[in-house]
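Working notes, structure below.
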2 protein chains.
Amino acid sequence: MSAADLTPATRTSEDVRVANTALVLRTLRADGPSSRAVLAASTGLTKGTVGTIVGRLSDLGAVHEDAPGVAQPGPATRGRPSRPVTLEGSPLVGLGIEVNVDYRAAVALDLAGATQLFTEERGAVGGDRVDVTEVDAFVRRCRRRLEADGHRLLGLCLAVPGLVERDRRVVRSAPNLGWHDLDLAAAVTGGVPAGTPVRVDNDANCAARAEAWVGVASGAEHVLYVTGTVGVGGGVVSDGDVVHGLRGFAGEIGHMRLGDSDERCGCGRRGCWESQVGLLAMLRRVGMPHEPDVDPLLVAEQVARRAAVDADVRAGLALLADDLARGCAVLANALDPGTIVLGGYFATLAPWLLPTVRDRLARDVFAGGCAVRTSTLGLRAAATGAAAHVLSDVFDARVPLPAP
Amino acid sequence: MSAADLTPATRTSEDVRVANTALVLRTLRADGPSSRAVLAASTGLTKGTVGTIVGRLSDLGAVHEDAPGVAQPGPATRGRPSRPVTLEGSPLVGLGIEVNVDYRAAVALDLAGATQLFTEERGAVGGDRVDVTEVDAFVRRCRRRLEADGHRLLGLCLAVPGLVERDRRVVRSAPNLGWHDLDLAAAVTGGVPAGTPVRVDNDANCAARAEAWVGVASGAEHVLYVTGTVGVGGGVVSDGDVVHGLRGFAGEIGHMRLGDSDERCGCGRRGCWESQVGLLAMLRRVGMPHEPDVDPLLVAEQVARRAAVDADVRAGLALLADDLARGCAVLANALDPGTIVLGGYFATLAPWLLPTVRDRLARDVFAGGCAVRTSTLGLRAAATGAAAHVLSDVFDARVPLPAP
DNA sequence: TGACTTAGTTCAAGGGTTGCACCAAACTGG
DNA sequence: CCAGTTTGGTGCAACCCTTGAACTAAGTCA
């Protein structure tokens, strides 16, 4: 029923193969190396089916079998020894690319979750608006590097700071990039092998997915991601999928009006959460000046250094933490995420924020609290999440593996 | 990946049939009566497949064909005339049952969305804790009535005021009913034909689904439902599915701490939204006494009558509306639902609440506002949503149609 | 009446899984 | 050392579902 379906609505027997192959892949990821017999038992498929599926995966290089004759450690087992199959994803990778005003990053994740590529480029391309052909060229460079290393593309996902249509292809509005109603997916499709799925998603949503996939909340099905930069953004992962909302605005938590403050926000409204916990509000609280054009994370590191020696700075951060916790608690009550991941400058200042946030969440969350973690993905969060988007499409059988 | 999967993980060719049959059903529901040829074109299936699927649906009584020879109105068409197929769901119904302390209700919805049964019983059964065998007996009575009328059960869903495990079968905690760790699904399975799917869900979540299925937000994929009784509850529908959260607490919006109020709440915390917009807070604002044991909706009707003639009451409701809107705006920013449905006593007092709520949402929601509707389902909302749960399982191919 | 057009059915072919028979490769016990 | 046992893995006929093309059905138009 989702408008973002990648596969056509009709089902054929090939979809059965795709779904069962994905099931085997999920099982291998969750349980680690397993023999065909164990796979058959834990998936519910017959031995014969597992045999053919593993055979195809092996042809693709997605799995490999341990050499025969290798004695297993542990107690002696009866019967013919098993030959475990291991998820060896490196030949197949999902490529995630973050596009920002003066920053582009690419991450390739293989099926086993390992990073096979990380590259970044700084500097603006194009004037008022980011040049799409430069993005296309970046995609082509990444593809060439991957193919030179023997990798094969499962799919491509682009993370952009803006609003994406429900078809996950068209950027409706990305003011920072100067893009409006731009079919970004079509613009870069030429740079990848024909048939490769190409998707576009919001950068904060991608970062949320990254945390739930390979980050500090790895494996969690329900995650709330809250990131602080100049603005405050977020992403909601529910049942393993990102919540987009009707128009793709879900996660615009920076403009929730929470307290009784009347502080003016950059968006023109008053009392937005962002005007209390955004970068500018933080600097005001700790009594430090705002220098535009300096990376928010560098600014936060300066503040962290000051906090280590200045009690007034720490007091300012404690007040900030209280407002941060207030918003997190509200969202935790509405969504019961189980885990909240703090990213952006919140992660940099975590030592001075976490205690207060945890205390207040334990007190104010109806479900009985909520784990709070700090992101370690840093700048590569969005690109990593975009790559994870590709992988989740494969593991959840929304996209088939390529033919051998 | 969801823990609530109803179907086994392995896929077979039968799943293909189930999925394509569901696709045909969805198309018939969305587009109305259509010929096989039109169905083939709009679903993407071949004519042959549509023929066999429609044949099976016809055997089940789920669809019927118009009598041949009935001339179609409109311009003369060339070629063999089509024989449109109509969704005639009445033989197949989903049964939803709400269980509350001194109230039980049942609703049966057929595939076409028509209500084929509504019945309610008042009065407590059991002492401190609601007697499960009485619930089972109620299920059996409903089943007998349905079968006597020639209906067949597609599935059963029970809505309870409490927390439900992720398996959608076990009630973890329903304090009002006196239930803890009760396998409610198992307790009533004996009352329905063998093989009938049985599920349990939270009542507010069910009500939210009812609004998105047959209520004022019918057809919406993204809905936020907010209901006011003594407490304040809610439900989030995203991409057509209810968001449950990690522990099933999603939607416990009554205990969000929004403003800077320190009002004590019944839950022991301070500043909860419920303590500002719950029934007791409303009565306080309009200067009317709280009489326990009177149905909140009756109380609200009294208030409505007073509001019509008393400006002070209207002023109190205006203040309430402001706080109601504040919470709705926060949630709309986080989830971008597109539509908010107000239920419970909020619906009763809608004439005095809606203008303020709409104004404030238009101002405070980043996505550019949010439609606000008032529920018309009243007491039968939860049971209707439970029945809709069964139907959505069929239309989304999570549950197969029975064999003829 | 006959050509044309559109609706619907029939049927061989192909892809996928199942379940069972069968082969393979170890250990156990005498 | 060799048969017996146990467990891992493959091969194959049967079954289910969709596809696509050929074919039948039932109207309109000239």
Side-chain angles (χ1 to χ4, degrees), chain A residues 7-24 33-58 63 65-85 397 400-401 403, chain B residues 7-24 33-58 63 65-85 397 400-401 403:
Chain A
T7 47
T10 61
R11 295 276 173 267
T12 85
S13 52
E14 283 180 32
D15 295 296
V16 175
R17 166 174 53 82
V18 172
N20 286 333
T21 304
L23 174 62
V24 169
S34 319
S35 69
R36 289 166 172 76
V38 170
L39 281 173
S42 50
T43 59
L45 296 164
T46 60
K47 292 193 296 180
T49 304
V50 171
T52 62
I53 288 176
V54 168
R56 273 189 296 251
L57 289 174
S58 183
V63 301
E65 288 176 87
D66 293 348
V70 178
Q72 303 300 316
T77 54
R78 317 217 300 186
R80 174 176 170 177
S82 66
R83 206 177 305 181
V85 174
L401 288 171
Chain B
T7 45
T10 63
R11 295 274 174 271
T12 85
S13 50
E14 283 180 32
D15 294 296
V16 175
R17 167 175 51 83
V18 172
N20 287 333
T21 304
L23 174 61
V24 169
S34 319
S35 69
R36 289 164 172 78
V38 170
L39 281 173
S42 49
T43 59
L45 296 164
T46 59
K47 291 193 299 177
T49 304
V50 171
T52 62
I53 288 177
V54 168
R56 273 190 297 253
L57 290 175
S58 183
V63 301
E65 289 176 85
D66 292 349
V70 178
Q72 303 301 317
T77 55
R78 316 215 304 184
R80 175 177 169 175
S82 66
R83 205 175 307 178
V85 174
L401 288 171

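The figures here come from the full heavy-atom set of this structure, side chains too, leaving out hydrogens, waters and symmetry mates. Predicted, not measured: the structure shown is a model, and the values here were computed from it. Here is how names work: the chains are called A, B, and so on, in the same order as the sequence lines, proteins then strands, and each is numbered from 1.
- For Thr49(B), the side chain to side chain contact (heavy atoms under 4.5 Å, CB included) partners are Leu45(B), Thr46(B), Ile53(B), not counting sequence neighbours.
- In this structure, Glu65(B) places its CD atom 8 Å from P of dG8(C), rounding to the nearest Å.
- Leu401(B) places a side-chain heavy atom less than 4.5 Å from the side chain of Leu57(B).
- Partners of Val85(B) under the side chain to side chain contact (heavy atoms under 4.5 Å, CB included) rule, at least two apart in sequence or in another chain, are Leu28(B), Arg36(B), Val54(B), Val63(B), Glu65(B).
- Here Ser82(B) does not reach the OP1 or OP2 of dT6(C): none of its side-chain N or O atoms lies under 4.0 Å away.
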Next on the checklist: Base contacts versus sugar-phosphate-only contacts with protein, heavy atoms under 4.0 Å: please encode nucleotides 14-25 of chain C as B, S and - from 5' to 3'.
Outcome noted: -BSSB-----BB
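- One interatomic measurement links the two molecules: CZ of Arg78(B) to C1' of dT28(D), which rounds to 7 Å at whole-angstrom precision.
- Ala37(A) meets the side chain to side chain contact (heavy atoms under 4.5 Å, CB included) test with Ser35(A); sequence neighbours excluded.
- Identified under the salt bridge (Lys or Arg N to Asp or Glu O under 4.0 Å) test for residues 43-56 of chain A, with sequence neighbours left out: none.
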